[in-house]
Peer 1: 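What follows is a single structure, and I will ask about it in a moment.
Please read all numbers here as calculations on a predicted model, not as lab measurements. Worth knowing before you read on, the calculation uses all heavy atoms, side chains too, and leaves out hydrogens, waters and symmetry mates. Order of the sequence lines sets the chain letters (A, B, ...), proteins ahead of strands, with each chain counted from 1.
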2 protein chains.
Amino acid sequence: MDECCTVNLTVRYLTKKWTLLIILELFKGENYTRRFSELKDRLPEITAKVLSERLQELEAEGIVSKTVDASVVPIRSEYTLTESGIELMEVVRGIKYWALKWKIDNIPCGSQECKLCKL
Amino acid sequence: MDECCTVNLTVRYLTKKWTLLIILELFKGENYTRRFSELKDRLPEITAKVLSERLQELEAEGIVSKTVDASVVPIRSEYTLTESGIELMEVVRGIKYWALKWKIDNIPCGSQECKLCKL
DNA sequence: CCGTATCCGACTTGATACTG
DNA sequence: CAGTATCAAGTCGGATACGG
């Protein structure tokens with residue numbers, strides 16, 4: 001599979017755990033931007049370790065860009081969806097529409113808007 | 001995360017390794033149907049164990065239906081995409097379009113149609 | 001505050017072998 | 001052909017520690 005096509009490769013990293021949910025959280029931020037701690041707060045069960053790993057992977061793929069303002073204390077770092085990252089939201093929306101159409105009866109938080117888990 | 005909403009839960013199992021690629025292979029079969037060995041042949045690096053596990057999960061989710069003809073030797077079993085499964089192709093298409101738009105230069109097999117990996 | 005590093009246990013996936 | 005069993009390897013989660 002190492003020598004396979006782009007689409008296959010793309011499925012591989014987009015479907016890594018947390019990746020799509022991180023993209024969704026960035027999308028919901030002002031200017032498609034969120035800070036590390038904001039992401040961590042909004043994805044309550046992710047660990048700093050995995051969040052850090054995923055953000056680096058997304059940056060390497062050109063899906064997320066990182067800016068650091070070291071002139072302030074404490075340091076302020078922000079992660080922003082790139083143009084390609086924003087377009088990935090179509091994939092997340094596709095999953096959401098499908099889930100709301102076919103799995104709506106399973107919603108434990110009682111809302112199609114998924115307020116509880118901020119989705 | 002165990003007590004989270006449907007969309008979140010849906011992302012969780014749709015993004016398990018191989019799941020989307022299995023759905024794609026079924027979609028490409030006649031009548032959205034393929035046999036176990038066909039799937040295995042077309043997903044060259046999947047193991048029988050994982051393929052079996054994923055198909056059972058997809059069946060449990062109502063995405064795939066299974067039919068077995070035990071009257072022939074060897075036994076013939078077929079897996080077919082349900083209506084909801086067919087609609088999941090929109091998600092796969094979304095990923096494919098995105099990949100072809102943003103990652104086209106990385107294609108090692110030299111084809112947008114991904115002939116090498118049957119994608 | 002924003003991380004990275006490490007260790008470790010748990011869960012997931014992979015490799016191989018082996019049946020009806 | 002269509003799987004299952006077993007065991008090894010990889011990935012993820014959780015806690016903790018540490019540095020910019």
Peer 1: Look only at the side chain of B/Asp69 and the backbone of B/Ser71, and say whether a donor-acceptor pair between them is shorter than 3.5 Å.
Peer 2: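 Yes; at least one donor-acceptor contact below 3.5 Å.
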Peer 1: So if I take every side-chain heavy atom of A/Thr47 and compare against C/dT13, D/dG14, C/dG14, which nucleotide ends up nearest?
Peer 2: D/dG14
Peer 1: Examine A/Arg93 relative to A/Trp98 and say whether NZ or CZ is less than 6.0 Å from the centre of the six-membered ring and inside a 45° cone about the ring axis.
Peer 2: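 Output no; distance or angle outside limits.
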Peer 1: For A/Glu38, enumerate each residue passing the side-chain hydrogen bond (donor to acceptor under 3.5 Å, both in side chains) test, keeping only those at least two apart in sequence or located in another chain.
Peer 2: none
Peer 1: Rounded to the nearest Å, what distance is computed from the CG atom of residue A/Leu51 to the C1' atom of nucleotide C/dC1?
Peer 2: 14 Å
Peer 1: Within less than 4.0 Å of OP1 or OP2 of C/dT12, is there a side-chain N or O belonging to B/Trp18?
Peer 2: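 The answer is no; no side-chain N or O of B/Trp18 sits under 4.0 Å from OP1 or OP2.
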Peer 1: Is the shortest side-chain N to carboxylate O distance from A/Lys16 to A/Glu57 below 4.0 Å?
Peer 2: yes
Peer 1: Figure out the OH/C1' separation between A/Tyr13 and D/dG10, and round it to whole Å.
Peer 2: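 After rounding, the gap between these two atoms is 21 Å.
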Peer 1: B/Lys17 has an atom NZ; how far is it from atom C1' of D/dG10, in whole Å?
Peer 2: 9 Å
Peer 1: B/Ser65: which residues meet the side-chain hydrogen bond (donor to acceptor under 3.5 Å, both in side chains) condition with it, sequence neighbours left out?
Peer 2: none
Peer 1: Quickly work out the A/Leu43 CG to D/dG13 P distance and round it to whole Å.
Peer 2: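 The answer, rounded to whole Å, is 11 Å.
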Peer 1: Kindly give the atom pairs (protein nitrogen or oxygen, nucleotide nitrogen or oxygen) under 3.5 Å for nucleotides 1-7 of chain D.
Peer 2:
residue	atom	partner	partner atom	Å
D/dC1	O3'	B/Arg35	NH2	3.0
D/dA2	OP1	B/Arg35	NE	3.0
D/dA2	OP1	B/Arg35	NH2	3.2
D/dA2	OP1	B/Ser77	N	3.3
D/dA2	OP1	B/Ser77	O	3.4
D/dA2	OP2	B/Ser37	N	2.9
D/dA2	OP2	B/Ser37	OG	2.6
D/dA2	O3'	B/Ser77	OG	3.4
D/dG3	OP1	B/Lys66	NZ	2.9
D/dG3	OP2	B/Ser77	OG	3.0
D/dG3	OP2	B/Tyr79	OH	2.5
D/dT4	OP2	B/Ser52	OG	2.6

Peer 1: Could you tell me how far apart A/Lys40 (NZ) and C/dC1 (P) are, to the nearest whole angstrom?
Peer 2: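 Rounding to the nearest Å, NZ of A/Lys40 and P of C/dC1 are 12 Å apart.
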Peer 1: Could you tell me how far apart B/Arg54 (CZ) and C/dG14 (C1') are, to the nearest whole angstrom?
Peer 2: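 B/Arg54 atom CZ is separated from C/dG14 atom C1' by 12 Å.
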Peer 1: Look at atom OH of B/Tyr13 and say whether more than 12 heavy atoms of other residues, nucleotides or ligands are closer to it than 6.0 Å.
Peer 2: yes
Peer 1: Find the distance A/Ile46:CD1 to D/dC12:P and express it as a whole number of Å.
Peer 2: 10 Å
